Participant: 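Handing you this structure, nothing more for now.
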Amino acid sequence: MDDQTRMLTGLTGLGGLSQPDVGDPDSVRKQQSLGQPQQDIGDILQQIMAITDESLDEAQARKHALNCHRMKPALFSVLCEIKEKTVLSIRGVQEEDPPDPQIMRLDNMLLAEGVSGPEKGGGSAAAAAAAAAAGGSPTDSSIEHSDYRAKLAQIRQIYHSELEKYEQACSEFTNHVMNLLREQSRTRPISPKEIERMVAIIHRKFSSIQMQLKQSTCEAVMILRSRFLDARRKRRNFNKQATEVLNEYFYSHLSNPYPSEEAKEELAKKCGITVSQVSNWFGNKRIRYKKNIGKFQEEANLYAVKTAVDAANVSAQASQANSPATPNSGIGTIRPHLIVLLPGFYW
DNA sequence: CCGTATGATTTCCT
DNA sequence: AGGAAATCATACGG
């Protein structure tokens, strides 16, 4: 501030201005450079300095007088210029920083996860990508899948409403400060550039809030995602009916338990599971059966009976279309010696 | 709580 | 790419 006061006091010795067009800052500068006396400015400054020593009423009156003074705009423009050259220019250098890399990172992630960006499409695409990354087929539409999407939509909604609130608050505050500064610029020298800078400062402060919002949204998505992936990894036993269908196929194709793609699809549909789950099941079953045939003997016999009974029922129904027999009613009638013992495996 | 069953994943092979 | 084998991680029953 020392420089500024020195510059200001330096002005006092320049003498008064007689030209009427003092509203133009350029003319002021011209006159200064020409070394013309500017007594008026000196007077005004004296008066300003003296204001603090005066009573409130006097000060108010003088302030008003100063406000109306024909020299005021010129003086303010000079003061603003000085301010620009001193304090503000020092700060101004590091102000023009590029967009925060962390915010950019968060933005990219939110976009990739489908939280920000276009509406529905992004979300489902991200979910599909997550599913694909987890090894599932993208065509699988499981319950977890829709669950994930629903949760993501929820996060999305919260994020957008919060962001909207934030933007509203930010612009409200900015407007408020801008109005305040504009108001104040009548009584103290404030350049438009300074207001601009203040707005930038406010925005920077608000962007840290925005970052917090984005960060916590990202965290929420990550948690949801890990839970989603965990859910896929978490094992849920297939229901009885599904294992029954799979076992039936396995033991009735024991000589070649390798269902074709079509057969897998059919089984998947019947069991309410995915094709890859069918593949997993057959992979597991084959290896475990082969490892310990003895352990599966009982099960094998059971399903051999089952298929035999079913076959019998089918043929019975075919020959007697109006037979009242239920599919399982024949089990008790099967004689033990009819149980087909297992064929060996050749695979 | 422990042992076994079982669905999923990983690694290697063809 | 699809399968075998090993392994992981959880479910489930006693």
Side-chain angles (χ1 to χ4, degrees), chain A residues 109 112-114 123-152 155 218-310 327-328 331 339-347:
Chain A
M109 199 192 133
E113 292 296 332
S124 54
S137 159
T139 51
D140 298 342
S141 55
S142 59
I143 306 131
E144 288 156 25
H145 203 114
S146 62
D147 207 38
Y148 175 82
R149 236 176 337 189
K151 291 261 168 58
L152 192 71
I155 289 175
C218 272
E219 262 165 43
V221 171
M222 285 327 261
I223 289 166
L224 172 66
R225 224 179 132 161
S226 73
R227 251 199 235 136
F228 174 67
L229 294 178
D230 277 355
R232 291 181 68 79
R233 193 180 170 83
K234 241 178 215 162
R235 200 172 53 75
R236 209 88 261 280
N237 286 1
F238 300 151
N239 62 42
K240 211 158 169 109
Q241 189 256 335
T243 20
E244 211 132 288
V245 169
L246 292 166
N247 272 317
E248 250 167 59
Y249 187 99
F250 181 79
Y251 287 112
S252 62
H253 297 73
L254 203 52
S255 57
N256 186 35
Y258 296 87
S260 64
E261 195 57 34
E262 295 79 58
K264 279 182 193 172
E265 275 165 30
E266 172 113 15
L267 286 166
K269 206 188 287 178
K270 263 198 218 168
C271 300
I273 59 177
T274 68
V275 173
S276 39
Q277 280 178 307
V278 173
S279 298
N280 284 341
W281 190 90
F282 273 89
N284 283 323
K285 191 73 185 180
R286 279 191 301 263
I287 197 77
R288 283 162 187 166
Y289 178 83
K290 194 154 82 171
K291 258 188 178 168
N292 193 352
I293 301 173
K295 199 173 74 185
F296 289 93
Q297 202 67 241
E298 210 181 317
E299 188 181 73
N301 285 339
L302 192 90
Y303 282 100
V305 170
K306 229 169 140 48
T307 46
V309 169
D310 283 352
N328 279 338
I331 271 195
I339 290 172
V340 190
L341 282 181
L342 295 174
F345 64 89
Y346 320 106
W347 25 282

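Here the structure is a predicted model, which is why all the values come from computation and not from measurement. In what follows, chains carry the letters A, B, and so on, assigned in the order in which the sequence lines appear, proteins first and then strands, with residues in each chain numbered from 1.
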Participant: Under 4.0 Å between a side-chain N or O of R286(A) and OP1 or OP2 of dA4(C)?
Facilitator: yes

Participant: Assign F282(A) to base, sugar-phosphate, or nothing according to its heavy-atom contacts below 4.0 angstrom with the strands shown.
Facilitator: nothing

Participant: Which heavy-atom pair separates Y249(A) from P259(A) by the least distance, and what is that distance?
Facilitator: OH-CA, 3.5 Å

Participant: When the distance from CG of L267(A) to P of dG7(B) is rounded to whole Å, what number comes out?
Facilitator: 14 Å

Participant: Please test E244(A) against K270(A) for salt bridge (charged side-chain N to carboxylate O under 4.0 Å, His left out), starting from the C-alpha separation and ending with a verdict.
Facilitator: CA-CA 11 Å; E244(A) 211 132 288; K270(A) 263 198 218 168; over 6 Å; no

Participant: So if I take residues 257-266 of chain A and measure heavy-atom distances to DNA chain C, which residues fall below 4.0 Å?
Facilitator: Y258(A), K264(A)

Participant: Report yes if a donor N or O on one partner sits less than 3.5 Å from an acceptor N or O on the other, where the partners are the side chain of N284(A) and the base of dA8(B); otherwise report no.
Facilitator: yes

Participant: Go through dA8(B), dG3(C), dA11(C) for me and flag the one nearest to the Q277(A) side chain.
Facilitator: dA8(B)

Participant: Between K285(A) (NZ) and dG2(C) (P), how many Å, whole number?
Facilitator: 23 Å

Participant: How many whole angstroms separate atom CD1 of I287(A) from atom P of dT6(B)?
Facilitator: 16 Å

Participant: Within this structure, what is the CD1-to-C1' distance between I273(A) and dG7(B), rounded to whole angstrom?
Facilitator: 10 Å

Participant: Quick one: L246(A) CG to dA5(B) P, roughly how many Å, whole number?
Facilitator: 18 Å

Participant: Do the ring planes of Y289(A) and F296(A) sit parallel (below 30°), tilted (30 to 60°) or perpendicular (above 60°)?
Facilitator: tilted

Participant: Atom CG of N239(A) and atom C1' of dA11(C): how far apart are they, to the nearest Å?
Facilitator: 15 Å

Participant: Ignoring hydrogens and geometry, is there a side-chain-to-backbone donor-acceptor pair from Q277(A) to T274(A) under 3.5 Å?
Facilitator: yes

Participant: Whole Å only: how far is the CG atom of N280(A) from the P atom of dA9(C)?
Facilitator: 16 Å

Participant: Using heavy atoms to find the nearest nucleotide of DNA chain C for G283(A) and N237(A) separately, return the residue whose nucleotide is more 5′.
Facilitator: G283(A)

Participant: State the OG1-CH2 distance between T243(A) and W281(A), to the nearest 0.5 angstrom.
Facilitator: 8.0 Å

Participant: Distance check: side-chain N/O of K295(A) vs OP1/OP2 of dT4(B), anything under 4.0 Å?
Facilitator: no

Participant: To the nearest Å, how far apart are R236(A) CZ and dT10(C) P?
Facilitator: 13 Å

Participant: Which atom pair, heavy atoms only, marks the closest approach of L246(A) to F238(A)?
Facilitator: CD1-CD1, 4.1 Å

Participant: Let me spell it out: for each of S279(A) and K291(A), pick the nucleotide of DNA chain C with the closest heavy atom. Which residue's pick is nearer the 5' end?
Facilitator: S279(A)

Participant: The criterion is side chain to side chain donor-acceptor pair (under 3.5 Å); which residues satisfy it with N280(A), sequence neighbours excluded?
Facilitator: none

